[in-house]
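Below, chain A is the first sequence line, B the second, and so on; all start at residue 1. Side-chain atoms are counted along with the backbone in the values below, which use heavy atoms only and exclude waters and symmetry mates.
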There are 2 protein chains.
Amino acid sequence: MARPARTSGVSLRNPERTRERILSAALKEFAANGFAGARVDAIAQRAAVNKRMLYHYFGNKEHLFREVLRLKMAERQAWAETLSGDPAESLAFWFDAACRDPDWVRLLEWEALQEANRRLIDEKKRRAATNRGLERIRQRQTRGQVSAEFDPRHVMLAMRSLTMFPAAFPQLTRLIMGRPVSDPMFQKDRTAFLKRFAAAFQPPPARSSAKNDLAK
Amino acid sequence: MARPARTSGVSLRNPERTRERILSAALKEFAANGFAGARVDAIAQRAAVNKRMLYHYFGNKEHLFREVLRLKMAERQAWAETLSGDPAESLAFWFDAACRDPDWVRLLEWEALQEANRRLIDEKKRRAATNRGLERIRQRQTRGQVSAEFDPRHVMLAMRSLTMFPAAFPQLTRLIMGRPVSDPMFQKDRTAFLKRFAAAFQPPPARSSAKNDLAK
DNA sequence: ATTTCAAGTAACTTGATGGTTACTTGGCAG
DNA sequence: CTGCCAAGTAACCATCAAGTTACTTGAAAT
């Protein structure tokens with residue numbers, strides 16, 4: 001039952017490794033070209049695997065695509081859970097994540113464009129993760145770190161927008177900023193901006209009364 | 001030289017109309033499926049035009065795609081110029097525009113994914129339009145309507161992010177908000193949120209001194 | 001009226017591409 | 001040792017889709 005674990009190197013037959021190779025090649029190909037643009041032959045070649053194996057393990061192109069998406073999503077969900085509370089920190093963290101791993105953003109984008117109508121891949125898990133995120137924002141609100149005047153859903157949507165947009169629209173970002181998104185200079189400046197801008201989510205500095213503390 | 005202007009209906013030959021039909025069909029097809037996913041035959045069919053005409057007028061699929069993009073961009077640029085100053089107003093306006101015309105956002109998205117590396121379509125004009133937009137923000141800053149502490153480029157990027165994101169990522173938006181982007185309820189709520197949130201761009205209410213009025 | 005050319009049509013070519021067939025081979029259970 | 005099946009290979013096929021060829025036709029200009 002256990003892997004043979006050849007003393008030197010890997011055995012010629014190695015289903016797990018092959019599967020991994022295909023998935024990793026598929027991730028690159030799909031992120032780069034989307035579903036319609038991706039070429040099954042290209043994936044096989046990248047993976048240095050016979051094309052037939054791809055069908056052996058995943059059935060067809062679409063199944064493979066969905067599996068790639070599912071894995072990436074799961075990876076990110078795990079990250080999301082490790083986050084503490086501060087909006088400034090979250091903004092910086094997610095912006096950094098988007099810059100470091102543009103493939104992830106691109107996959108989300110391909111998904112948005114393609115599966116627009118269809119039900120989401122892995123919807124249940126993603127909805128649960130989102131709800132946990134919303135709960136975290138509510139906690140910050142009760143702790144007074146985030147303004148209670150805002151609906152947590154709107155806050156989360158705003159934060160996602162601010163962090164993902166540059167990686168999602170590098171051409172527009174470059175047009176506006178004059179630098180490519182990949183430029184460390186841009187990333188540094190943007191992080192600084194986001195940290196300051198995070199103040200927008202904080203409660204106003206106790207103006208006169210404090211009557212609307214429990215607003216939705 | 002002038003159009004014949006048949007007394008009743010349109011003449012059988014009508015190059016302008018045909019060109020229009022093709023462009024409008026292409027817009028829909030490209031917005032729906034992207035460049036790689038779009039089918040030339042589908043465009044011809046949608047336009048109720050012989051496929052050959054498409055090559056007659058536009059040379060090939062890619063030229064047609066670029067022409068479609070160019071036209072949409074130009075349309076939006078014109079809109080942008082009509083805008084007055086207030087961030088709250090701009091946010092609401094552009095958010096509404098994105099919701100009303102998801103095809104436009106989708107085209108930008110396809111462009112982002114496909115032409116990632118290549119030079120932008122119509123880059124010169126778009127850069128100029130962007131610069132005019134930045135200039136308008138600077139004016140607002142000197143008038144004290146927008147905080148002078150922010151780099152105008154970062155402000156513009158933030159505003160674009162906030163307005164375009166929902167239309168660009170309807171699946172994530174729905175996950176977060178619980179409603180589809182097309183839902184008027186969502187659009188109303190979001191507009192209200194954005195209007196309030198626009199305060200984030202305003203200068204702080206004159207705390208102690210007013211020394212940094214000319215920043216950047 | 002006749003010429004001329006853009007506008008328009010139908011059928012075809014050619015290459016790419018997703019998926020399959022038919023086969024071989026490594027390695028474990030019995 | 002041997003039968004068996006998952007893992008793996010090479011060659012193939014059917015289809016689809018971009019782009020072309022070769023033709024016809026409407027109507028403006030002379």
>> Could you tell me if the side chain of B/Leu157 sits less than 4.5 Å from the side chain of A/Thr173, heavy atoms only?
In response: yes

>> From CD of A/Glu62 over to C1' of C/dG19, roughly how many Å is that when rounded to an integer?
In response: 14 Å

>> At less than 4.0 Å, is any side-chain N or O atom of A/Tyr57 found next to OP1 or OP2 of D/dG8? Yes or no.
In response: yes

>> With a 4.0 Å limit, can you tell me whether B/Thr18 has a side-chain N or O closer than that to the phosphate oxygens OP1/OP2 of C/dG8?
In response: yes

>> Taking any heavy-atom pair under 4.0 Å as a contact, classify A/Ala38: base, sugar-phosphate, or nothing.
In response: sugar-phosphate

>> Quick check: do B/Met177 and A/His154 have side-chain heavy atoms less than 4.5 Å from each other?
In response: yes

> Is the A/Phe165 to B/Phe165 ring centre distance short of 6.0 Å?
Replying inline: no

>> Whole angstroms only, please: what is the CG-C1' distance between A/Leu54 and D/dG8?
In response: 13 Å

> Tell me: CD of A/Gln45 to P of C/dT17, nearest whole Å?
Replying inline: 12 Å

> Are any of the side-chain heavy atoms of B/Met73 and B/Leu108 separated by less than 4.5 Å?
Replying inline: yes

Just the atom pairs and distances: protein N or O near nucleotides 9-16 of chain D's N or O, under 3.5 Å.
{"unit_1": "D/dA10", "atom_1": "N7", "unit_2": "A/Asn50", "atom_2": "ND2", "d": "3.4"}

> Rounding to a whole Å, what distance do you find between A/His56:NE2 and C/dC23:P?
Replying inline: 19 Å

> Tell me: NZ of A/Lys61 to C1' of C/dG18, nearest whole Å?
Replying inline: 8 Å

>> Tell me which pairs pass salt bridge (charged side-chain N to carboxylate O under 4.0 Å, His left out) where either residue lies in residues 181-193 of chain A, with sequence neighbours left out.
In response: A/Arg179-A/Asp183

> C/dG8 P sits how many Å from B/Arg19 CZ, rounded?
Replying inline: 12 Å

> Which whole-number value in Å describes the distance from B/Asn14 CG to D/dA28 C1'?
Replying inline: 15 Å

> Does a side chain donor of either B/Glu111 or A/Gln171 reach within less than 3.5 Å of an acceptor in the other side chain?
Replying inline: yes

>> Taking any heavy-atom pair under 4.0 Å as a contact, classify B/Phe58: base, sugar-phosphate, or nothing.
In response: nothing

>> Starting the side chain at C-beta, find the nucleotide from C/dT17, C/dA7, C/dG19 nearest to A/Asp41.
In response: C/dT17

> Given atom CG of A/Asn60 and atom P of C/dG19, what is their separation to the nearest angstrom?
Replying inline: 5 Å

> Would B/Trp94 and B/Trp79 count as a ring pair (Phe, Tyr, Trp, His ring centres under 6.0 Å) if you check the C-alpha gap in whole Å, the side-chain angles of each, and the deciding distance to 0.1 Å?
Replying inline: CA-CA 10 Å; B/Trp94 284 113; B/Trp79 282 31; 7.1 Å; no

